[in-house]
Participant: 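Input: one structure, supplied below.
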Amino acid sequence: MQFMSRRKKYTNPQTELYGHALQFYGQPPLENISLTEFETFAVERLKLLKTVENLGVSYVKQTDQYTMKLDNESKNLNFPYRAETDDRKSQNGPREYEKQRKDHISHFILRLAYCQTEDLRRWFIQQEVDLFRYRFNVLSSTQKQDFLKRNNLQYNTISPKEKKALQENLVNSSYTISGIKVEGQDFYKVPFQDALDLVRTRKVYLKAGFVYIPHQEIVTIVLNDFRTRLSKALALTARSLPAVHSDERLQPLLNHLSHAYVGQDYSIQKNVGKISLEQIDSLSGKSFPLCMRQLHQSLRENHHLRHGGRMQYGLFLKGIGLSLEQALQFWRSEFVRGKVDADKFDKAYAYSIRHMFGKEGKRTDYTPYSCMKVILSNAPSQGDHHGCPFRHSDPELLKQKLQVYKVSPSGISQILELVKGMHYQLACQKYFELTHNMEDSSFSLSHPNQYFIESQRVLGGGKDIKREMDTSQRSQENSAARGSTSAREAAANTSQDLAEKTEDLDSFFQDA
Amino acid sequence: MPSSSSASDYDPACLPDLLPLYYRRLFPFSQYFRWLNYGGVQKNYFLNREFSFTLKDDIYVRYQSFSTQNELEKEMQKMNPYKIDIGAIYSHRPNQHNTVKSGTFQALEKELVFDIDMTDYDDVRSCCSAADICSKCWTLMTIAIRILDRALREDFGFQHLLWVYSGRRGVHCWVCDEAARKLSVAARSAVAEYLSLVKGGDETVKKVVLTDPIHPFIRESLTVVEQYFPQYALQEQDILGRKESVDKVLALTPEDILFTIKELQQDFQNEKKPENRWELIKDQASRKQGKKGHHFEKEIMLQYCYPRLDVNVSKGVNHLLKSPFSVHPKTGRISVPMDLKELDTFDPFTVPTISLICEELDRPRTGEEEEKVEDIKEKENEKDAAERRKIRDYKRTSLAKYVKHFDQFLDEMARLWKGELLRKSDLQKEF
């Protein structure tokens with residue numbers, strides 16, 4: 001891509017590339033665009049992806065509500081959103097072309113911003129895959145086949161004879177397949193490594209290393225392919241990044257884009273040493289979110305926590321300001337009360353605590369887990385106490401626990417309702433409100449350390465602990481509504497130089 | 001055959017004396033190397049493999065690597081490790097990883113592994129807890145092996161599985177197929193998830209939930225569980241005996257079917273025999289046919305018997321796992337390969353300990369053994385005397401049958417290696 005400031009240059013319409021509803025982003029755009037467009041496109045796609053992320057936590061993916069909300073957001077931000085039933089008319093119209101072009105270019109710009117670290121890459125891939133899945137699912141059957149053909153996804157079908165022999169197993173492997181459907185469509189035999197999502201959830205028939213996929217479910221395979229390609233592409237992009245960064249116009253913008261996602265990750269320790277170990281017990285009751293309170297209690301009762309619990313709780317403690325020395329003392333004194341003698345602790349566990357603080361091994365300074373991470377990864381099993389209680393605990397046990405913690409019966413039912421609807425973070429927020437005697441907590445919970453800071457703020461009257469977080473979390477909720485207006489505002493700021501443009505960018509992510 | 005009573009004479013304090021003997025005269029180095037070299041088909045495969053040793057006083061050293069079998073032998077005989085772990089094959093020699101540019105030293109391949117640990121079943125076994133095992137709960141391992149072995153072979157198409165007794169309270173499975181060794185992290189985690197049915201920690205009461213349709217994998221697994229359930233759960237674990245256990249079982253019945261539990265509790269007043277009580281439970285389940293939660297009797301069986309694996313062990317390409325033929329420092333038992341043909345009669349308490357096999361070394365040879373010595377002499381005339389003696393040594397001990405089984409496992413893989421090497425040399429000739 002070459003950039004010329006302030007000049008829009010129309011190249012030949014790439015109808016071949018933009019004539020279809022969906023693409024694999026195999027080829028980067030080759031035209032020139034203005035810096036303004038560069039920025040606008042990037043920011044809007046980022047908003048779209050943030051919406052994808054938020055919807056993914058609040059709703060079950062691919063349900064009507066989810067799809068409808070994503071449709072709306074795509075429309076508001078002027079991205080392609082639903083292939084019209086009348087293919088010929090809309091696919092090649094100028095408006096549709098504009099949307100496709102924007103989609104194409106914005107994707108590649110964000111690649112530049114999100115290829116740099118493992119975390120950024122993981123986030124970007126996750127949202128792009130979800131976005132792709134949503135778009136692929138709304139394609140018609142013909143369009144899907146068309147897409148497969150165009151992108152050379154050849155998978156072998158099985159003979160009718162083999163299909164008959166496997167019929168019962170095929171029907172029993174998926175709730176979407178009936179006997180009639182088996183006869184009526186092609187089944188593909190795909191190596192299981194190419195269909196990991198289906199294997200993982202056991203939604204498919206697996207035999208001798210091959211999965212048997214009905215045509216209607218080929219999307220999962222396509223997604224896997226998309227994910228793999230994108231992952232490789234990002235790795236390649238990362239290598240060419242120094243060249244891009246040397247362009248002074250782009251570097252500040254790209255940096256800003258990736259920080260806008262990260263927001264507050266509580267990795268930089270503020271208030272180190274302001275918490276004393278004696279305070280932890282009482283803090284756990286007053287200001288810890290339920291997950292950490294549970295872990296702390298388990299630790300006190302059993303004088304031990306397994307690895308998953310040590311990581312989740314240990315990093316949280318680091319985030320609230322425990323120093324390495326304090327952490328070592330804290331864990332040691334607790335473990336020694338259990339079955340671990342001091343020597344063994346120093347040999348085995350101390351290493352991993354120092355590792356958490358970035359003093360060993362790779363020397364990565366690990367960041368405390370966000371709610372998303374706690375909810376979605378590393379589910380607890382027998383003997384574990386980590387995870388999110390709203391997500392991972394039996395509702396009955398959760399109810400009992402809340403009763404022990406003196407939450408009112410009406411409060412408990414409100415929480416359980418939210419849990420039933422899979423709104424785990426909202427449930428935790430409700431727990432916050434109930435335990436702090438507040439009607440409305442006025443922040444949007446996405447991180448256990450955020451919970452702690454907000455709690456301390458409420459309890460301390462906002463005097464000692466200064467406002468740590470920027471308001472990027474809260475603004476995501478509002479920005480969706482204000483999206484279209486801000487976008488137009490940004491486009492209008494063509495006469496300002498880049499420094500000012502960066503400030504404008506800030507305003508997208510803060511309360512207007 | 002040696003009796004198990006002398007096996008219980010193991011004393012951890014003797015390890016420093018026993019280990020040197022074990023590594024000098026008993027550890028099957030040539031088979032071990034034969035395995036990890038994988039026929040020499042891939043260059044530097046053995047060279048780039050990570051080993052880790054736990055030495056005396058809990059000193060732990062990682063990133064050990066060796067270029068030949070001889071080097072491995074010498075080092076192990078020098079260090080006398082208390083424990084040996086096997087890690088991944090890396091992009092460079094592990095013992096030189098500090099010289100490699102940061103970020104380029106990467107784990108590339110490793111066997112797909114599974115670790116089944118008896119402590120993960122503490123909530124469903126009443127005979128033991130924590131590190132203890134007995135013949136009653138060992139059945140859980142038998143069930144786990146049958147289910148997983150079938151699934152890995154029939155569903156995933158893997159063929160070269162090595163099951164190993166961990167030395168105390170569990171078993172490990174090493175899937176050695178080339179396709180398995182090359183699996184990504186995501187693929188390993190997907191395989192492990194596919195094989196997982198029991199989900200949830202201490203906070204979860206009902207850990208198995210089945211919905212229609214029942215996947216063929218679950219059906220197959222249930223067939224195995226049903227085979228062992230009456231003897232294992234109803235008899236030996238007596239899960240429908242004492243009120244406490246009964247309550248735990250009934251807690252797994254669906255809550256929306258309010259009367260089920262009350263009815264069953266009443267019925268149980270009159271019916272004391274566990275088998276009959278189970279029939280009553282199955283009866284209740286079949287009555288709910290078609291309604292939500294009607295698979296609860298299957299869910300109960302699975303929760304009590306289905307294998308519980310630690311996904312994290314299987315996921316990581318760089319994860320280190322205890323090596324076969326390593327000694328367990330607390331029990332003294334050798335981590336021996338298990339012959340699945342004799343699975344139902346496998347008894348962890350008769351697995352040889354290091355003290356037993358060292359003792360067996362000192363026994364004078366009987367006439368029978370002299371004969372075998374003659375046979376061996378004829379076959380192995382080429383090798384030097386020390387080598388020969390070494391080969392004979394483990395064969396004189398209880399370790400012999402386990403090494404023999406390991407040999408058979410390697411022979412099967414060797415057929416593949418031969419084909420591969422031929423193919424490669426053909427390709428080169430076509431130049």
Side-chain angles (χ1 to χ4, degrees), chain A residues 166 168-175 177-178 191-211 224 227-228 231 294 298 306-309 339 343-344 346-348 351 362-363 378-387 389 392-398 401, chain B residues 57-60 62 102-103 117 119-124 130 151-159 177 179-180 182-184 186-207 211-220 251 255 308-312 315:
Chain A
L166 295 174
E168 201 190 319
N169 281 325
L170 293 173
V171 169
N172 283 331
S173 305
S174 161
Y175 59 80
I177 302 178
S178 67
F192 83 88
Q193 292 93 329
D194 290 347
L196 291 180
D197 279 340
L198 289 175
V199 171
R200 180 192 308 275
T201 51
R202 228 182 288 116
K203 286 205 166 94
V204 70
Y205 181 56
L206 174 63
K207 185 172 140 189
F210 286 91
V211 293
N224 218 55
R227 186 194 299 264
T228 320
S231 186
Q294 182 173 293
S298 260
R306 280 194 174 182
H307 182 258
K339 294 189 202 158
D343 270 341
K344 170 130 195 234
D346 287 333
K347 277 175 199 149
Y351 176 91
K362 269 195 309 191
R363 317 247 158 192
N378 200 19
S381 38
Q382 177 59 28
D384 287 324
H385 297 274
H386 63 264
H392 296 118
S393 281
D394 230 37
E396 264 312 302
L397 287 180
L398 178 62
K401 189 162 285 200
Chain B
D57 297 326
D58 275 333
I59 298 175
Y60 182 64
R62 267 193 79 171
S102 158
D117 189 328
T119 33
D120 291 339
Y121 295 80
D122 278 357
D123 59 320
V124 291
L152 288 166
R153 286 180 196 279
E154 291 176 16
D155 293 7
F156 286 98
F158 294 126
Q159 296 176 311
D177 297 56
K182 291 178 155 46
L183 288 176
S184 65
R188 285 162 206 261
S189 128
V191 175
E193 296 277 351
Y194 176 92
L195 298 170
S196 299
L197 274 181
V198 181
K199 308 232 167 107
D202 283 346
E203 319 289 318
T204 313
V205 171
K206 194 157 174 63
K207 299 187 163 81
T211 49
D212 280 314
I214 306 271
H215 191 277
F217 166 75
I218 300 180
R219 272 193 208 285
E220 292 284 346
E255 7 172 273
R308 299 168 179 215
L309 34 106
D310 185 349
V311 177
N312 289 318
K315 242 173 37 178

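Below, chain A is the first sequence line, B the second, and so on; all start at residue 1. Scope of the values below: all heavy atoms of this structure, side chains included, with no hydrogens, waters or symmetry mates. Please read all numbers here as calculations on a predicted model, not as lab measurements.
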Participant: Specify which of A:H385, A:H307, A:H392 makes the most heavy-atom pairs with chain B at under 4.5 Å.
Facilitator: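 Among A:H385, A:H307, A:H392, the one with the most close pairs to chain B is A:H385.
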Participant: Under 4.0 Å between a side-chain nitrogen and a carboxylate oxygen: does that hold for A:R306 and B:D120?
Facilitator: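 Yes, charged N to carboxylate O under 4.0 Å.
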Participant: Heavy-atom pairs under 4.5 Å with chain B: which of A:V199, A:V171, A:D384 has the most?
Facilitator: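 Looking at each option in turn, the highest pair count goes to A:V199.
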Participant: A:N378 versus chain B, heavy atoms under 4.5 Å apart: side chain, backbone, both or neither?
Facilitator: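 Answer is side chain: those atoms of A:N378 sit under 4.5 Å from chain B.
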Participant: Please report the interatomic distance CD(A:Q382) to OG1(B:T204), rounded to the nearest 0.5 Å.
Facilitator: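 With rounding to 0.5 Å, CD (A:Q382) is 9.0 Å from OG1 (B:T204).
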Participant: Give, as side chain, backbone, both or neither, the part of A:K347 having an atom under 4.5 angstrom from any heavy atom of chain B.
Facilitator: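 For A:K347, the side chain is the part near chain B, not the backbone.
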Participant: What part of A:V204 lies closer than 4.5 angstrom to a heavy atom of chain B: side chain, backbone, both or neither?
Facilitator: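 Looking at A:V204, just its backbone touches chain B.
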Participant: Measure across A:G383 and B:D202 and return the closest heavy-atom pair with its distance rounded to 0.1 Å.
Facilitator: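 In this case the closest contact between A:G383 and B:D202 is N-OD1, 3.4 Å.
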Participant: Where does A:S174 contact chain B at under 4.5 Å (heavy atoms): side chain, backbone, both or neither?
Facilitator: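 The answer is the backbone of A:S174.
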Participant: Measure distances from B:T211 to the heavy atoms of chain A and classify the residue's part below 4.5 Å as side chain, backbone, both or neither.
Facilitator: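 For B:T211, neither part sits under 4.5 Å from chain A.
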Participant: Side chain, backbone, both or neither: which part of B:F158 has a non-hydrogen atom closer than 4.5 Å to chain A?
Facilitator: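 Contact with chain A involves the side chain of B:F158 alone.
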Participant: Less than 4.5 Å to any heavy atom of chain A: does that hold for the side chain of B:I59, its backbone, both, or neither?
Facilitator: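 Neither part.
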Participant: Mark yes or no for whether B:H215, through its side chain, and A:K203, through its backbone, hold a donor-acceptor pair below 3.5 Å.
Facilitator: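 Checking the backbone N and O of A:K203 against the side chain of B:H215, no donor-acceptor pair under 3.5 Å is found.
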Participant: Find the distance between CZ (B:R219) and CD (A:E168) and round it off to the nearest 0.5 Å.
Facilitator: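 One finds 7.5 Å between CZ of B:R219 and CD of A:E168.
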Participant: Check whether B:K315 gets within reach of chain A through its side chain, its backbone, both or neither, counting any heavy atom under 4.5 Å.
Facilitator: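 Contact with chain A: none, neither part.
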Participant: How many angstroms lie between atom CG of B:D58 and atom CG of A:D346, to the nearest 0.5 angstrom?
Facilitator: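 It is 12.0 Å, given to the nearest 0.5 Å.
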Participant: Between chain B and each of A:S381, A:P395, A:S393, count heavy-atom pairs under 4.5 Å; write down the option with the most.
Facilitator: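 Ranked by heavy-atom pairs under 4.5 Å with chain B, first place is A:S381.
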Participant: What part of A:K401 lies closer than 4.5 angstrom to a heavy atom of chain B: side chain, backbone, both or neither?
Facilitator: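 Only the side chain of A:K401 comes within 4.5 Å of chain B.
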Participant: Under a 4.5 Å heavy-atom cut-off, does chain A meet the side chain of B:I218, its backbone, both or neither?
Facilitator: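 Side chain only.
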Participant: Return the option, out of B:S189, B:P213, B:G157, with the maximum number of heavy-atom pairs under 4.5 Å with chain A.
Facilitator: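 Top count of heavy-atom pairs under 4.5 Å with chain A: B:P213.
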Participant: Within a radius of less than 6.0 Å around NZ of B:K182, do more than 12 heavy atoms belonging to other residues, nucleotides or ligands occur?
Facilitator: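 Yes - once you tally the heavy atoms of other residues, nucleotides and ligands closer than 6.0 Å, there are more than 12.
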Participant: Is chain A contacted by the side chain of B:N312, its backbone, both, or neither, given a heavy-atom distance below 4.5 Å?
Facilitator: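 Contact with chain A involves the side chain of B:N312 alone.
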Participant: If every non-hydrogen atom of A:L196 is compared with every non-hydrogen atom of B:A186, which pair is closest and at what distance?
Facilitator: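 Looking at all heavy atoms of both residues, the closest pair is CD1-C, 3.7 Å.
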Participant: Would you mind checking which part of A:L397 comes under 4.5 Å of any heavy atom in chain B, side chain (CB onward), backbone (N, CA, C, O), both or neither?
Facilitator: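 Side chain only.
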Participant: Parallel, tilted or perpendicular for B:F156 and A:F192, by the 30°/60° rule?
Facilitator: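 Perpendicular.
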Participant: Give me the atom names and distance for the closest heavy-atom approach of B:L197 to A:R202.
Facilitator: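 What the structure gives for the nearest pair is CD2-NH1, 3.5 Å.
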Participant: Among B:D155, B:D122, B:L152, B:L195, which residue forms the greatest number of heavy-atom pairs with chain A at distances under 4.5 Å?
Facilitator: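 So the answer, after comparing B:D155, B:D122, B:L152, B:L195, is B:D155.
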